[in-house]
Amino acid sequence: TAPDSKISDKSYVYNVGITPGIYYEIAPRILLTADVGGLGYGYTNSGGGNWSSDVYLNLLDSFTFGLDFILGKKKPD
(Lines give C-alpha, C1' and ligand atoms only; values in the text may rest on other atoms or scores of the structure.)
Protein backbone atom coordinates (compact mmCIF):
# COMPACT_ATOMS: atom_id res chain seq x y z
CA THR A 1 0.00 0.00 0.00
CA ALA A 2 1.03 3.58 -0.50
CA PRO A 3 2.45 5.41 2.58
CA ASP A 4 -0.55 7.75 2.75
CA SER A 5 -3.24 5.04 2.38
CA LYS A 6 -5.25 3.91 5.35
CA ILE A 7 -6.65 0.44 6.04
CA SER A 8 -9.47 -0.01 8.49
CA ASP A 9 -10.84 -3.32 9.71
CA LYS A 10 -13.50 -3.94 12.35
CA SER A 11 -14.77 -7.21 13.74
CA TYR A 12 -17.49 -8.00 16.23
CA VAL A 13 -17.90 -11.04 18.49
CA TYR A 14 -20.93 -11.65 20.71
CA ASN A 15 -21.39 -14.61 23.07
CA VAL A 16 -24.12 -15.45 25.55
CA GLY A 17 -24.54 -18.55 27.68
CA ILE A 18 -26.43 -20.24 30.47
CA THR A 19 -24.71 -22.56 32.96
CA PRO A 20 -26.99 -24.65 35.20
CA GLY A 21 -25.93 -25.40 38.72
CA ILE A 22 -26.90 -26.03 42.31
CA TYR A 23 -26.01 -24.37 45.59
CA TYR A 24 -26.25 -25.19 49.28
CA GLU A 25 -26.05 -22.61 52.07
CA ILE A 26 -23.37 -24.02 54.40
CA ALA A 27 -23.38 -20.97 56.70
CA PRO A 28 -25.12 -17.60 56.76
CA ARG A 29 -23.99 -15.71 53.65
CA ILE A 30 -21.74 -18.57 52.35
CA LEU A 31 -22.84 -20.88 49.52
CA LEU A 32 -21.28 -24.11 48.30
CA THR A 33 -21.81 -24.24 44.51
CA ALA A 34 -21.51 -26.76 41.68
CA ASP A 35 -22.04 -25.89 37.99
CA VAL A 36 -21.88 -28.23 35.00
CA GLY A 37 -22.05 -27.83 31.22
CA GLY A 38 -24.15 -25.16 29.60
CA LEU A 39 -25.97 -23.85 26.57
CA GLY A 40 -24.68 -20.93 24.54
CA TYR A 41 -24.78 -18.88 21.36
CA GLY A 42 -21.92 -17.12 19.58
CA TYR A 43 -21.89 -14.66 16.67
CA THR A 44 -18.81 -13.36 14.85
CA ASN A 45 -18.74 -10.73 12.09
CA SER A 46 -15.32 -9.94 10.64
CA GLY A 47 -16.56 -7.55 7.94
CA GLY A 48 -16.79 -7.95 4.19
CA GLY A 49 -19.73 -10.34 4.46
CA ASN A 50 -17.73 -12.81 6.56
CA TRP A 51 -19.75 -13.95 9.57
CA SER A 52 -20.53 -17.09 11.54
CA SER A 53 -23.14 -18.10 14.06
CA ASP A 54 -22.97 -21.06 16.47
CA VAL A 55 -25.25 -22.65 19.04
CA TYR A 56 -23.53 -25.03 21.42
CA LEU A 57 -24.63 -27.49 24.07
CA ASN A 58 -21.95 -28.48 26.55
CA LEU A 59 -22.99 -31.33 28.85
CA LEU A 60 -19.84 -32.59 30.54
CA ASP A 61 -16.98 -30.50 29.14
CA SER A 62 -16.86 -28.23 32.17
CA PHE A 63 -17.50 -28.63 35.87
CA THR A 64 -17.07 -25.92 38.50
CA PHE A 65 -17.09 -26.37 42.25
CA GLY A 66 -16.62 -23.52 44.70
CA LEU A 67 -17.73 -21.11 47.40
CA ASP A 68 -19.74 -17.92 46.94
CA PHE A 69 -19.81 -15.18 49.56
CA ILE A 70 -22.90 -12.97 49.79
CA LEU A 71 -21.84 -9.35 50.37
CA GLY A 72 -23.87 -6.37 51.54
CA LYS A 73 -26.04 -5.58 54.50
CA LYS A 74 -28.30 -8.29 55.82
CA LYS A 75 -31.99 -7.48 55.40
CA PRO A 76 -34.12 -7.60 58.56
CA ASP A 77 -36.38 -10.65 58.88
Answer with yes or no whether the hydrophobic clustering places [X] together with [Y]; edges join I, L, V, M, F, W, Y residues whose side-chain heavy atoms lie under 4.5 Å apart.
| X | Y | result |
| --- | --- | --- |
| V36 | L59 | yes |
| I18 | I22 | no |
| V16 | Y12 | yes |

_Any residue meeting side chain to side chain contact (heavy atoms under 4.5 Å, CB included) with T44, in chain and number order, not counting sequence neighbours_ =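 If we apply the side chain to side chain contact (heavy atoms under 4.5 Å, CB included) test to T44, skipping adjacent residues, the hits are V13, S52.
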
*For L32, enumerate each residue passing the side chain to side chain contact (heavy atoms under 4.5 Å, CB included) test, keeping only those at least two apart in sequence or located in another chain.*
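Side chain to side chain contact (heavy atoms under 4.5 Å, CB included) list for L32, sorted by chain: I26, F65, L67.
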
*Could you tell me which non-hydrogen atom of S46 sits nearest to which non-hydrogen atom of S11, and how far apart they are?*
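So the two residues come closest at CA-CB, 3.8 Å.
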
_Show the nearest heavy-atom pair for residues P20 and G38, with the distance to one decimal._
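Looks like CD-CA, 3.9 Å.
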
*What pairs meet the side chain to side chain donor-acceptor pair (under 3.5 Å) rule with one or both residues in residues 18-41, with sequence neighbours excluded?*
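Every pair satisfying side chain to side chain donor-acceptor pair (under 3.5 Å) with a residue in residues 18-41: Y41-S53.
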
*Does anything in residues 61-73 pair up under side chain to side chain donor-acceptor pair (under 3.5 Å), and if so which pairs, sequence neighbours excluded?*
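Sorted pair list comes back empty.
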
*Can you establish whether the number of heavy atoms outside L57 located under 6.0 Å from its atom CG is more than 12?*
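Correct, the count exceeds 12.
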
*Those residues that, when tested against N45, pass side-chain hydrogen bond (donor to acceptor under 3.5 Å, both in side chains) (two or more places apart)*: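 Testing N45 for side-chain hydrogen bond (donor to acceptor under 3.5 Å, both in side chains), a comparison that skips the adjacent residues, returns Y43.
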
